[in-house]
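Sequence lines set the chain letters: A, B, ... in the order given, protein chains first and strands last, and positions in each chain run from 1.
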Amino acid sequence: GAGVSQSPRYKVAKRGQDVALRCDPISGHVSLFWYQQALGQGPEFLTYFQNEAQLDKSGLPSDRFFAERPEGSVSTLKIQRTQQEDSAVYLCASSPPQLDSGNTIYFGEGSWLTVV
Amino acid sequence: QKEVEQNSGPLSVPEGAIASLNCTYSDRGSQSFFWYRQYSGKSPELIMSIYSNGDKEDGRFTAQLNKASQYVSLLIRDSQPSDSATYLCAVRGSSASKIIFGSGTRLSIRP
């Protein structure tokens with residue numbers, strides 16, 4: 001596809017369940033980002049990959065969150081033992097190789113997670 | 001202090017007028033600055049990027065950057081009802097990796 005693809009688009013999880021959110025970046029984009037956006041807030045940085053290397057995971061809120069990108073393409077954000085405060089939109093974004101030239105990031109449509 | 005700060009609004013502007021949106025940032029080494037527009041229920045979409053001091057114009061949009069004051073703004077001329085959205089300021093800091101977003105300013109264009 002032409003854009004960043006995320007699945008599932010909508011997920012309702014019971015508190016304590018594990019969830020996995022998938023991101024398929026734009027072809028050829030080596031950089032991949034995950035953001036969390038709560039209602040009425042801006043996107044909050046979670047983690048960043050360059051190819052398969054996770055270069056920054058400083059935004060992951062707890063050890064229940066982890067992300068992987070084993071082959072440098074598709075990425076999965078996993079949330080273990082979900083809590084109500086995890087309810088948010090999880091946005092994936094990708095960027096072409098030359099991020100240091102100022103190229104920006106392009107977002108997918110997001111995965112809307114509701115924990116009940 | 002948040003790394004990127006915006007007034008949350010709502011900012012209400014009459015149709016046809018100029019809307020002015022402001023943003024300040026804390027990392028003096030920041031290199032790249034972006035404005036995104038986000039409609040309700042949609043993901044952010046890029047409007048403008050700016051990298052050097054001064055003004056950059058693109059159609060009805062003008063981005064302004066003042067690195068000494070750590071200030072970036074977005075002007076929307078001839079505002080239209082379709083401009084009603086949340087505008088997110090985003091900054092790529094000196095680490096040259098992650099992009100940090102402000103909390104957004106909600107803009108409403110009244111007919």
Side-chain angles (χ1 to χ4, degrees), chain A residues 2-7 9-10 21 23 25-26 29-51 53-60 67 88-112 114, chain B residues 2-10 21 23-27 29-53 56 58 63 65 67 72 74 85-107:
Chain A
V4 178
S5 178
Q6 293 189 243
S7 62
R9 288 293 317 281
Y10 304 94
L21 308 176
C23 174
I26 295 171
H29 282 195
V30 302
S31 298
L32 185 146
F33 304 80
W34 283 100
Y35 286 83
Q36 179 191 58
Q37 188 173 25
L39 194 63
Q41 300 297 314
E44 294 282 344
F45 172 81
L46 294 177
T47 187
Y48 159 63
F49 290 85
Q50 186 157 338
N51 295 306
Q54 189 174 19
L55 300 185
D56 189 338
K57 54 181 181 179
S58 62
L60 295 176
V89 180
Y90 291 85
L91 294 165
C92 178
S94 69
S95 177
Q98 295 182 358
L99 182 61
D100 58 357
S101 70
N103 283 342
T104 190
I105 58 178
Y106 299 90
F107 285 93
E109 290 299 313
S111 290
W112 294 62
T114 302
Chain B
K2 290 194 69 174
E3 293 180 71
V4 179
E5 297 213 45
Q6 298 180 252
N7 189 320
S8 62
L21 303 162
C23 171
T24 58
Y25 59 94
S26 61
D27 182 352
S30 296
Q31 302 175 31
S32 306
F33 307 86
F34 310 93
W35 283 100
Y36 283 78
R37 178 177 62 202
Q38 186 173 29
Y39 292 114
S40 181
K42 300 293 186 182
S43 59
E45 58 178 327
L46 179 69
I47 300 175
M48 295 280 291
S49 57
I50 186 166
Y51 311 117
S52 54
N53 279 329
K56 179 182 177 182
D58 183 0
L65 175 62
K67 289 186 177 180
V72 59
L74 179 70
T86 295
Y87 289 80
L88 298 163
C89 174
V91 176
R92 181 171 67 83
S94 51
S95 68
S97 58
K98 63 187 179 185
I99 295 179
I100 301 299
F101 285 79
S103 57
T105 297
R106 192 153 49 95
L107 174 65

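Between A:Phe107 and B:Phe101, a ring centre-to-centre spacing shorter than 6.0 Å is recorded.
Side-chain contact between B:Gln6 and B:Leu21 is absent, with no heavy-atom pair separated by less than 4.5 Å.
Here salt bridge (Lys or Arg N to Asp or Glu O under 4.0 Å) pairs that include residues 34-50 of chain A, with residues two or more places apart or in two chains, number zero.
Your options are A:Gly42, A:Pro43, A:Gly110, and the one with the most heavy-atom pairs under 4.5 Å with chain B is A:Pro43.
Contact of B:Gln38 with chain A is made through the side chain alone, with heavy-atom distances under 4.5 Å. Heavy atoms of A:Leu91 lying under 4.5 Å from chain B belong exclusively to its side chain. Interface remark: A:Ser58 contributes side-chain atoms only to the contact with chain B (heavy atom separation under 4.5 Å).
With sequence neighbours left out, the side-chain contact (heavy atoms from CB on, under 4.5 Å) criterion links B:Ser30 to B:Tyr25, B:Asp27, B:Phe33, B:Val91.
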